[in-house]
Asker: 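Structure provided below as structure tokens; questions to follow.
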Amino acid sequence: MMTSEAVQSIEVTVRSIICSELRVEPGILTNTTHLMKDLGADSLDALNIALRLEETFEIKIPDEAIPNFLTIEDIITGVRNHMSHT
Amino acid sequence: MKVEDVQPNMTKRRVVVTGIGVVSPVGVGTEKFWSALSAGRSGISAIEDFDTSALRTTIAGVCRDFHSEEFFDERELSRLDRVSQMALAATEMAVKDAALKAGDVGGFDTGVILGTGFGGQRSIEDFCGAFFSNGQGRRSAIAIPKSMYNAPSSNIAIRFKARGPNITVTTACSSGANAIGQAFYLVRYGHAERVIAGGADSPITPVVMDAWKEMRVLSTKNEQPARACKPFSANRDGFVLAEGAGIVILETLESAVARGAPIYAEIMGYGSTADAAHITFPDPEGEATAMMRALSDGSLQPSEIDYINAHGTATKLNDASETEAIKRVFGSRAYEIPVSSSKSMLGHSMGASGAIELIAATMAIKTKVLPPTINYEEPDPQCDLDYVTEGPRDVSRLTGVMTAMSNSFGFGGNNAVLTLRGISV
């Protein structure tokens, strides 16, 4: 199990990656914010965010998992799951 | 969807330039560009963007007045290589200049034909850097769409919804001229009603500068950047690398008149040949034949040309070969035709140069002022034509419309020549 500090730190980092890749202000992100529907991201943005997450957390996100990495909540959960599997 | 009855028009439709957009080392926009060029001002300066200490040449034609954030937001910028940024900015200016509204440009009747020599070179270097630095560099999922050679023309199509033929021409230094020539044919023979045509290149990078260094064709007169490029002068020592974009809107004379559009000039003819000799050594016969074809394609006689905007790179080989080619085409009249090199002021923007120089020739016709060849200092027996070396030349004494020729010769032996004429109103 991860400590609550570790979980919080993942959240902060994920939000910061999304903000920097999509050039949006942190204040507009909620847990249910959808990268494509709410932030105008496209598939290339999603791939770039996946790449940053892989580099930052030293995880491997398989191709088929990328469609599940589209809301803030799902991304955070996904990163946590992948981290605990590696 | 039904198949439309589209028949190529085998009668030659007259094709005119109705809009101009330019990003150049002497300024952004036609007004700044032409006021500098027609006054003989150089745009060459010391490179400041990266360390040049290992290079023999430390100067270039950098577009210092091009501030991409004036045209794009941060998100857009992250997706666009500098070459696409310049091409899009020039297109925006050209569309506006042609008095076309964004909606008028869209549709399957509008093509985009763009020349580039280096494409998204900066982005290529970024992702190569990331790859070769063993994970230290920043990788990106956008590297391919940002760096591919057709990115600028595709980005233009996307932004302006231009859904007709979209083709990128890459013939080194003649890319921009070949692009305009191909676009001219599309409109002339009815394959498109209007075409956004021109060239863009942004090759001033550490890797490209180093590669040119090994070819020893760049000027090393670093101490006086504005005086470095000396086309046709005996003491010339090579070209100065530059960046930029030149875009013209081509459409039929009929459509331009019908919508009351401003008309800069008529494209008369286009000649395109290959030397098929050596990959870099120029061949006057290939060049002369392209010039002859640009004349005959426009039903022009050599006696009708009032001005030649030369390729004029300031390399030993080009300037002598081009001079020889002009003499073969024009005979004794070669000595009476003013020939000038805009590269003396702009440097050599590779795939953009042919388009930017077509714009220079267009403005010369329109204003009846010939841009000079600056920095001419010593006569070369092999280069003995009238190179407009005394400064800008007022030719308003010429009655009637002017007719000009614009030469572009690329490495690979790719020659492209355009002829153009003013429009009497």
Side-chain angles (χ1 to χ4, degrees), chain A residues 10 12-30 32-72 74-76 78-79 82-83 85-86, chain B residues 67-85 87-89 102 119-163 166 168:
Chain A
I10 292 173
V12 170
T13 310
V14 164
R15 283 168 182 263
S16 136
I17 286 173
I18 290 166
C19 289
S20 107
E21 283 301 316
L22 300 180
R23 274 88 177 164
V24 293
E25 294 299 322
I28 69 164
L29 299 185
T30 69
T32 57
T33 301
H34 191 283
L35 299 189
M36 292 180 170
K37 290 176 193 156
D38 300 319
L39 302 179
D42 63 10
S43 54
L44 293 172
D45 291 314
L47 290 171
N48 245 354
I49 289 167
L51 174 58
R52 292 281 96 77
L53 295 168
E54 287 188 332
E55 288 172 347
T56 310
F57 295 106
E58 297 181 332
I59 55 173
K60 283 276 167 224
I61 303 173
D63 297 351
E64 60 275 17
I66 290 181
N68 301 325
F69 276 69
L70 291 175
T71 67
I72 308 296
D74 289 346
I75 293 171
I76 292 165
V79 169
H82 282 86
M83 287 178 78
H85 289 145
T86 44
Chain B
H67 305 295
S68 52
E69 66 279 4
E70 290 171 9
F71 293 90
F72 312 98
D73 65 32
E74 264 193 69
R75 182 93 178 269
E76 290 167 327
L77 287 174
S78 72
R79 288 287 182 97
L80 300 169
D81 186 273
R82 187 167 166 88
V83 71
S84 286
Q85 295 170 18
L88 279 167
Q121 178 67 24
R122 286 178 178 229
S123 303
I124 291 174
E125 289 181 24
D126 284 347
F127 76 68
C128 286
F131 180 81
F132 289 115
S133 65
N134 297 321
Q136 296 305 302
R138 188 179 167 85
R139 292 179 299 142
S140 166
I142 302 169
I144 298 293
K146 206 171 161 182
S147 64
M148 59 195 193
Y149 281 76
N150 60 324
S153 64
S154 293
N155 279 311
I156 291 170
I158 291 164
R159 180 160 294 222
F160 294 93
K161 306 288 170 230
R163 305 179 72 190
N166 189 298
T168 297

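For clarity, every value in this text was computed on a predicted model and none was experimentally measured.
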Asker: Give, for atom CZ of Arg23(A) and atom CG of Leu77(B), the distance between the pair rounded to the nearest 0.5 Å.
Answerer: 8.5 Å
Asker: Taking Asn48(A) for the side chain and Ser140(B) for the main chain, is one N or O donor matched with an acceptor at less than 3.5 Å?
Answerer: no
Asker: Any side-chain heavy atom of Arg79(B) within less than 4.5 Å of one from Leu44(A)?
Answerer: yes
Asker: If you count heavy-atom pairs within less than 4.5 Å of chain B, which of Leu47(A), Val24(A), Ile49(A), Asp42(A) leads?
Answerer: Asp42(A)
Asker: Walk me through whether Arg75(B) and Asp45(A) qualify under side-chain contact (heavy atoms from CB on, under 4.5 Å).
Answerer: CA-CA 10 Å; Arg75(B) 182 93 178 269; Asp45(A) 291 314; 2.9 Å; yes
Asker: Would you say that more than 12 heavy atoms from the other residues, nucleotides or ligands in this model lie under 6.0 Å from the CD of Glu69(B), or not?
Answerer: yes
